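First comes the structure, then the notes that go with it.
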Amino acid sequence: MEQTKLDEIISANGNNRKSIIPVLQEIQATYNYLPKEELQYISEKMDIPLIELFSIASFYSSFSLTPRGKHLVQVCLGTACHVRGAHRVLDESKKRLQIEPDETTDDQQFTLKTVNCLGACALGPIVVIDNDYHGNTRAQKVNAILAQYKSVNNNGNDTTE
Amino acid sequence: MIKLSINGIEVEVEQGTTLLEAAKFLGINIPTLCYNDGLSPYGACRLCVVEIRDGTASKMVSSCTYPATEGLKVFTHTESVLKARKMVIELHLATCPGSKIIQDLASKHGVRQVRFKQEYEDCINCGLCVRICEEQMMAKAIGFVGRGDKRHITTPFDIKSDVCRLCGGCMYICPACQLRCHGPNVQEEGAICNACLNLEPPCVDYFDDQMCYMDPCVVCEQAADRIPKSER
Ligand code: FES
Ligand code: FES
């Protein structure tokens with residue numbers, strides 16, 4: 001990102017400690033991860049030690065320090081989802097995407113993550129892709145669900161950059 | 001001024017004093033690991049637990065972070081406190097058996113076994129290095145990263161930090177990574193050494209309520225040898 005853009009983000013949120021998280025969120029939204037150079041730049045600009053940004057970025061799971069795919073697939077492994085067979089859903093997702101949790105597919109389309117309870121236990125097992133909640137997921141349904149997102153990409157509906 | 005009682009002794013301290021400082025003022029020794037006079041208290045190691053009582057209700061708090069409050073009744077060496085401290089030491093030992101400081105604490109407090117899965121970490125996450133870097137060296141080169149069981153101390157992006165001056169403050173203050181215990185008994189399994197058992201206070205058999213404030217407490221033992229026979 002150009003530095004002017006970063007400066008804009010900083011001035012829009014205010015150059016103070018309160019705005020660290022909003023600033024990081026905007027960078028995350030733009031890049032899908034928090035690049036090192038950007039963190040270094042805002043650390044200097046906002047006069048916040050780099051280690052503090054790094055601690056925050058590594059603490060919250062909504063931030064990522066490695067590039068994330070276009071779609072974030074979150075499989076709930078919380079207690080309620082677990083007893084309803086979430087591990088089978090996870091296994092199937094791993095197989096279909098051919099990645100392990102916290103990895104990204106080679107084509108940069110999907111990142112797989114596991115979460116521990118999304119607060120929607122009645123819908124379990126639940127898979128959240130981007131902002132869509134797919135309740136009552138079964139292993140058999142995983143492929144169809146993932147396909148919805150794949151097809152969008154094939155339409156050339158590219159939003160990055 | 002705030003009035004409180006520690007082990008039944010009334011003491012008056014200023015607002016903002018911690019229980020640890022108040023106890024120190026009375027000469028009562030509470031073991032600590034993550035506390036350092038020059039740094040802000042952090043409450044990470046839980047070694048400094050004390051019991052505070054309010055009527056019949058009692059609770060355990062870390063004395064290095066708990067502020068003195070009016071009328072508080074504090075007990076620093078009750079049975080449950082000693083038991084809790086032993087447990088804390090045992091847990092630290094299960095994490096980090098190579099630390100001389102932790103091994104010494106174990107010997108001193110009579111920890112003779114580790115009932116937990118033995119790990120061989122170099123760090124107990126006490127945060128002393130993070131605090132000395134920030135508060136005394138004004139650098140902020142290292143910090144806690146990650147969370148839960150993955151929380152650890154490192155530099156940004158795990159590479160040498162631009163603000164680190166290699167002052168060595170972090171290594172100087174570390175209770176775990178520098179000063180290793182090379183005691184004869186530290187082996188791969190059963191990593192408790194206890195070779196420094198002579199640290200055990202010789203007077204405990206007589207005064208089980210820790211009536212002695214000496215630390216280390218072998219002084220009287222040595223003194224017994226030094227007194228000329230004629231004067232004994
Ligand atoms: S356990 Fe999955 S939403 Fe609660
Ligand atoms: S010294 Fe109080 S918790 Fe470590």
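Note that the structure is a prediction, hence the values are computed from the model and not measured. Every chain is numbered from 1, with letters handed out A, B, ... down the list of sequences. Computed over heavy atoms, backbone and side chain alike; hydrogens, waters and symmetry mates excluded.
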With a 4.5 Å heavy-atom cut-off, do [X] and [Y] have their side chains touching?
| X | Y | answer |
| --- | --- | --- |
| B:Phe157 | A:Leu39 | yes |
| A:Leu50 | B:Asp162 | no |
| B:Thr155 | A:Phe54 | no |
| A:Lys36 | B:Ile159 | yes |

Tell me whether [X] at atom [atom1] has more than 12 heavy atoms from other residues, nucleotides or ligands lying less than 6.0 Å away.
| X | atom1 | result |
| --- | --- | --- |
| B:Glu14 | CD | no |
| B:Glu79 | CD | no |
| B:His109 | NE2 | yes |
| A:Lys45 | NZ | no |
| A:Asp106 | CG | no |
| B:Asp54 | CG | no |
| A:Asp47 | CG | no |
| B:Lys160 | NZ | yes |

Rounded to the nearest 0.5 Å, how far does NE2 of B:His152 lie from OG of A:Ser58?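 Reported to 0.5 Å precision, the distance equals 7.5 Å.
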Heavy-atom pair with the smallest gap, counting every atom of B:Thr154 and A:Ile51: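 So the two residues come closest at O-CD1, 3.3 Å.
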Which atom names give the shortest non-hydrogen contact between B:Phe144 and A:Ser55, and what distance separates them?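 Reported closest heavy-atom pair: O-OG, 2.5 Å.
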Side chain, backbone, both or neither: which part of A:Ser61 has an atom under 4.5 Å from a heavy atom of chain B?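 Backbone plus side chain of A:Ser61, per the 4.5 Å heavy-atom cut-off to chain B.
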Checking heavy atoms, do the side chain of A:Leu65, its backbone, both or neither come under 4.5 Å from chain B?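 When you check distances to chain B, only side chain atoms of A:Leu65 fall under 4.5 Å.
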Would you mind checking which part of B:Ile153 comes under 4.5 Å of any heavy atom in chain A, side chain (CB onward), backbone (N, CA, C, O), both or neither?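 For B:Ile153, neither part sits under 4.5 Å from chain A.
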Does any backbone or side-chain atom of B:Val163 lie under 4.5 Å from a heavy atom of chain A? Answer side chain, backbone, both or neither.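 For B:Val163, no heavy atom lies under 4.5 Å from chain A.
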